[in-house]
There are 2 protein chains.
Amino acid sequence: MRQIKHPSLDQVELTDIMYALSDPTRLEIVGRLASAGRKMTCGEFDLNRPKSSMSHHFKILRAAGLVETLIEGTEHLNALRVKEIEQKFPGVLQSVLRVLSPAADTTV
Amino acid sequence: MRQIKHPSLDQVELTDIMYALSDPTRLEIVGRLASAGRKMTCGEFDLNRPKSSMSHHFKILRAAGLVETLIEGTEHLNALRVKEIEQKFPGVLQSVLRVLSPAADTTV
DNA sequence: TCTATTGTTCGATTATATTCGAACAATAGA
DNA sequence: TCTATTGTTCGAATATAATCGAACAATAGA
């Protein structure tokens, strides 16, 4: 596997976004990615869950268009697709991020 | 049954809101309630689904704190709890409503 | 009191999601 | 080439959700 495929944002429905964010683990991942403000590997999220479970959640976040994953060596670097999501669903992700960490500036 | 019980908004988690909005039928209900700008009975949503299914979806919307239901005679009048939700999760519901019907003013 | 109206609850079925161990794939570095 | 690292995929078990007919509850009005 050279590169992971991501959906184009016009293939993504609002319900997909909502669904992806309805799980506490995934919401936590999204919140941490936002507050970190940098790409993070799957392993950096220390959520006491086996790799396969984490991988599952990332898969759903990717399918919802929320996360894009860049492969670098053996690591997978994850980033939020804030700008694109914002363009398609203005305010939705940003407001969620602000609720998750009120102090942080979520503008990218 | 005299009155339906609703959760206090501080009992509601963000994941509950997201979950409630991750279903197309429920998102449709929420969108129509918003654009109608008035209380609507369950029967007014003509979504080609049996009463029991509709009732199920309203139950989840209520549990998420999104909808409050006022009983008047034999009818149940449903309204969005926009202000309260907005206070607890600023911007979240409003942005969703704006995505659902961009032209409408969703400020209550 | 009887009936129609409006929704809810119950119970069963079917469909989707979550979870996680084990096996696999790709790469880096020795 | 061998091994460690990082994550994905597979498969099976378990849990949660959606769906909807049928029975029930509350009320209004005849």
Side-chain angles (χ1 to χ4, degrees), chain A residues 1-7 12-30 32-33 36 38-64 66-80, chain B residues 1-7 12-13 15-30 32-33 36 38-64 66-79:
Chain A
M1 185 189 306
R2 267 245 81 74
Q3 190 82 3
I4 288 186
K5 293 249 282 184
H6 298 89
V12 170
E13 306 280 340
L14 182 56
T15 49
D16 298 327
I17 306 269
M18 295 295 130
Y19 165 64
L21 297 177
S22 71
D23 179 277
T25 302
R26 293 194 290 265
L27 203 52
E28 174 81 27
I29 291 171
V30 167
R32 292 223 205 159
L33 273 177
R38 60 175 175 82
K39 297 185 179 65
M40 291 176 73
T41 67
C42 308
E44 282 188 278
F45 303 85
D46 223 351
L47 302 179
N48 288 326
R49 275 176 188 72
K51 295 185 303 172
S52 54
S53 298
M54 291 301 284
S55 189
H56 164 74
H57 287 303
F58 275 101
K59 192 174 187 176
I60 287 166
L61 288 169
R62 270 181 230 119
L66 283 165
V67 165
E68 66 188 344
T69 303
L70 190 78
I71 300 184
E72 202 152 288
T74 62
E75 295 185 327
H76 291 203
L77 298 174
N78 300 284
L80 287 178
Chain B
M1 182 191 306
R2 259 262 60 87
Q3 190 81 3
I4 288 185
K5 293 248 280 183
H6 298 88
V12 171
E13 306 280 340
T15 49
D16 298 327
I17 306 268
M18 295 296 129
Y19 164 65
L21 297 177
S22 71
D23 179 276
T25 301
R26 293 195 289 266
L27 203 52
E28 174 80 28
I29 291 172
V30 167
R32 292 224 205 161
L33 272 177
R38 60 175 175 82
K39 297 183 178 69
M40 291 177 71
T41 67
C42 308
E44 282 188 276
F45 303 85
D46 223 351
L47 302 179
N48 288 325
R49 274 174 187 75
K51 294 184 303 172
S52 54
S53 299
M54 291 300 286
S55 188
H56 165 73
H57 288 302
F58 275 101
K59 193 174 187 176
I60 287 166
L61 288 170
R62 269 182 230 118
L66 284 165
V67 165
E68 65 188 345
T69 303
L70 190 79
I71 300 184
E72 202 152 288
T74 62
E75 295 185 328
H76 292 204
L77 298 174
N78 300 285

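Every chain is numbered from 1 and lettered A, B, ... according to where its sequence line falls, protein lines coming before strand lines.
B:Arg26 pairs by the salt bridge (Lys or Arg N to Asp or Glu O under 4.0 Å) definition with nothing, not counting sequence neighbours. For B:Tyr19, the ring pair (Phe, Tyr, Trp, His ring centres under 6.0 Å) test picks out no residue, with sequence neighbours left out. With sequence neighbours excluded, no residue satisfies salt bridge (Lys or Arg N to Asp or Glu O under 4.0 Å) with A:Glu13. Listed by chain and number, the residues in a side chain to side chain contact (heavy atoms under 4.5 Å, CB included) with A:Thr74 amount to none (sequence neighbours excluded). Residues passing the salt bridge (Lys or Arg N to Asp or Glu O under 4.0 Å) test with B:Glu44 are B:Arg38, sequence neighbours excluded. Partners of B:Arg32 according to the salt bridge (Lys or Arg N to Asp or Glu O under 4.0 Å) rule, which considers only residues two or more places apart in sequence or in another chain, are B:Glu28. Looking at residues two or more places apart in sequence or on another chain, you find a side chain to side chain contact (heavy atoms under 4.5 Å, CB included) between A:Ser53 and A:Arg49, A:Pro50. Residues satisfying the side chain to side chain contact (heavy atoms under 4.5 Å, CB included) criterion with B:Pro7, sequence neighbours excluded, are B:Gln11, B:Val12, B:Arg81. In this view, B:Ala63 satisfies the side chain to side chain contact (heavy atoms under 4.5 Å, CB included) rule with no residue, not counting sequence neighbours.
Between C:dT5, C:dT8, C:dT18, one nucleotide has an atom nearer to the side chain of B:Arg62 than all others, and that is C:dT8.
For the pair B:Glu44 and A:Arg26, nearest-nucleotide mapping onto DNA chain C gives the more 5' position to B:Glu44. Where B:Cys42 and A:Ser22 meet DNA chain C, the nucleotide closest to each residue was compared, and B:Cys42 sits on the side nearer the 5' end.
Atom pair B:Glu72:CD and C:dT8:P shows a separation of 15 Å (rounding to whole Å applied). Between B:Met40 atom CE and C:dG7 atom P there is a gap of 11 Å when expressed in whole angstrom units. Note: NE2 (A:His76) to P (D:dT9) measures 9 Å, nearest angstrom. The CD atom of A:Glu75 sits 11 Å away from the C1' atom of C:dA28 (whole-angstrom rounding). As rounded to whole Å, 13 Å separates atom C1' of D:dG7 from atom CZ of A:Phe45. As a whole-Å value, the separation of A:Asp23 CG from C:dA17 C1' is 9 Å. Atoms CG (B:Leu70) and P (C:dG7) sit 12 Å apart, rounded to a whole Å. A straight line from CD1 of B:Ile4 to C1' of D:dA25 spans 12 Å, rounded to a whole angstrom.
In this structure, A:Thr15 and B:Leu21 approach most closely via the heavy-atom pair CG2-O, 4.0 Å.
Note on B:Thr25: nothing from the nucleic acid sits closer than 4.0 angstrom, heavy atoms only.
For DNA chain C, the residues of residues 47-60 of chain B within the heavy-atom distance limit of 4.0 Å (strictly under) are B:Lys51, B:Ser52, B:Ser55, B:Lys59, sorted by number.
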Short heteroatom pairs, N/O only, protein and nucleotides 14-16 of chain D, under 3.5 Å:
none

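Remark: B:Thr41 is in phosphate contact with C:dG7, judged by side-chain N or O atoms under 4.0 Å from OP1 or OP2.
With a 3.5 Å limit on both pairing distances and Watson-Crick or G-U wobble geometry required, the stems of 3 or more pairs in DNA chain D span C:1-30 with D:1-30.
Side-chain atoms of A:Ile4 and A:His76, non-hydrogen and from C-beta on, do get closer than 4.5 Å to each other.
With hydrogens and angles disregarded, a donor-acceptor distance shorter than 3.5 Å links the side chain of A:Asn78 to the backbone of A:Met40.
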